[in-house]
Amino acid sequence: MAFDKSMLEANVRAIAAQFPDRIYQQSKKTGSGPSCFYVRNGKPDCLIAQGAFMAGMDIDTLASFDAVSDGAVENSGAEYVFKPYGLTAFELDWLKRVQQLQDDGFPWGKAVQMADEGELIPWKK
């Protein structure tokens, strides 16, 4: 099945609605690498990765996002990894907000709600 970019946001919303209180569990960080992953143990890990997987993105492509995500901001955000797939600037910004809020410990339902309201984490504005 090919990746259907039009389903990404709907899938993220559906997963967040199904698991509104889920808080993303980051890995125990070692070294300078990332502690949040698109794929962990061969499965989509974060909310965005699960939505992309449900939209037809294969696990190897998702894992490749982790391979280039070395902790540098320019490589790690959803808005950068999904940009080549033709999402609008608005869609990319929304994904970035959801991912940032999720990565910083907000429950999935709250992360989506805050992203809808255009919120970033208050102390990172």
Side-chain angles (χ1 to χ4, degrees):
M1 171 160 100
F3 177 60
D4 181 356
K5 69 178 183 172
S6 70
M7 290 304 299
L8 179 56
E9 181 182 339
N11 291 341
V12 168
R13 289 181 181 283
I15 295 164
Q18 186 176 3
F19 303 103
D21 298 323
R22 181 168 290 171
I23 295 175
Y24 179 70
Q25 298 299 311
Q26 298 182 16
S27 70
K28 299 212 184 320
K29 191 168 182 158
T30 57
S32 62
S35 58
C36 302
F37 295 95
Y38 289 96
V39 175
R40 194 178 335 190
N41 299 322
K43 296 180 181 172
D45 194 39
C46 70
L47 176 57
I48 303 299
Q50 289 183 35
F53 186 75
M54 288 175 58
M57 186 166 284
D58 66 83
I59 202 75
D60 291 335
T61 300
L62 286 168
S64 74
F65 298 158
D66 289 329
V68 299
S69 178
D70 61 2
V73 173
E74 67 270 17
N75 291 332
S76 59
E79 76 273 29
Y80 295 102
V81 298
F82 287 100
K83 190 173 186 174
Y85 294 92
L87 278 74
T88 67
F90 182 83
E91 291 167 327
L92 293 168
D93 184 63
W94 184 83
L95 286 172
K96 174 188 78 172
R97 291 172 189 273
V98 171
Q99 184 178 44
Q100 179 189 20
L101 292 158
Q102 171 216 248
D103 290 354
D104 282 346
F106 284 86
W108 287 356
K110 184 71 173 168
V112 167
Q113 175 191 352
M114 290 174 72
D116 286 345
E117 295 167 357
E119 289 291 321
L120 287 174
I121 297 170
W123 58 89
K124 289 193 175 182
K125 284 186 177 178

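Quick caveat, the model's predicted, so the values are computed rather than measured.
Side-chain contact between Asn11 and Glu9 is absent, with no heavy atoms from C-beta onward closer than 4.5 Å. Side-chain contact check for Ile48 versus Phe82: some heavy-atom pair is nearer than 4.5 Å.
Residues meeting the salt bridge (charged side-chain N to carboxylate O under 4.0 Å, His left out) test with Asp58, sequence neighbours left out: none. Asp103 pairs by the side-chain contact (heavy atoms from CB on, under 4.5 Å) definition with Tyr24, Gln26, Cys36, Gln99, not counting sequence neighbours. With sequence neighbours excluded, no residue forms a side chain to side chain donor-acceptor pair (under 3.5 Å) with Gln50. Not counting sequence neighbours, the partners of Asp93 by the side chain to side chain donor-acceptor pair (under 3.5 Å) test are Lys96, Arg97. The ring-ring contact (aromatic ring centres under 6.0 Å, His included) search around Phe19 returns none, not counting sequence neighbours. By the side-chain contact (heavy atoms from CB on, under 4.5 Å) test, Thr88 pairs with Phe90, Glu91, sequence neighbours left out. Partners of Lys110 by side-chain contact (heavy atoms from CB on, under 4.5 Å), not counting sequence neighbours, listed by chain and number: Phe106, Pro107, Gln113, Met114. In terms of the side-chain contact (heavy atoms from CB on, under 4.5 Å) criterion, residue partners of Ala16 (sequence neighbours excluded) are, by chain and number, Leu47, Trp108, Val112. Partners of Phe53 according to the ring-ring contact (aromatic ring centres under 6.0 Å, His included) rule, which considers only residues two or more places apart in sequence or in another chain, do not exist here.
Interatomic distance, Phe37 CZ to Asp45 CG, rounded to the nearest 0.5 Å: 8.5 Å. Atom CG of Leu87 is separated from atom CG of Leu95 by 6.0 Å, given to the nearest 0.5 angstrom. The structure places CZ of Arg22 at 9.5 Å from CD1 of Ile15, a figure rounded to the nearest 0.5 Å. The line from OH of Tyr38 to SG of Cys46 is 6.0 Å long, rounded to the nearest 0.5 Å.
In the hydrophobic cluster analysis, where Ile, Leu, Val, Met, Phe, Trp and Tyr join through side-chain heavy atoms closer than 4.5 angstrom, Phe3 is grouped together with Leu62. Linking ILVMFWY side-chain heavy atoms closer than 4.5 Å, directly or via other members, places Val39 and Met54 in a single hydrophobic cluster.
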Q) Are Trp94 and Val12 close enough, and set up right, to give a side-chain contact (heavy atoms from CB on, under 4.5 Å), and what steps lead you there? A) CA-CA 11 Å; Trp94 184 83; Val12 168; 3.7 Å; yes

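Across all their heavy atoms, Pro20 and Ala17 have their closest contact at CD-O, 3.3 Å. Counting all heavy atoms, side chain and backbone alike, Gln25 lies closest to Arg40 at O-NH2, 2.5 Å.
With Tyr85 as the partner, the side chain to side chain contact (heavy atoms under 4.5 Å, CB included) test is satisfied by one option alone out of Leu8, Thr61, Leu92: Thr61.
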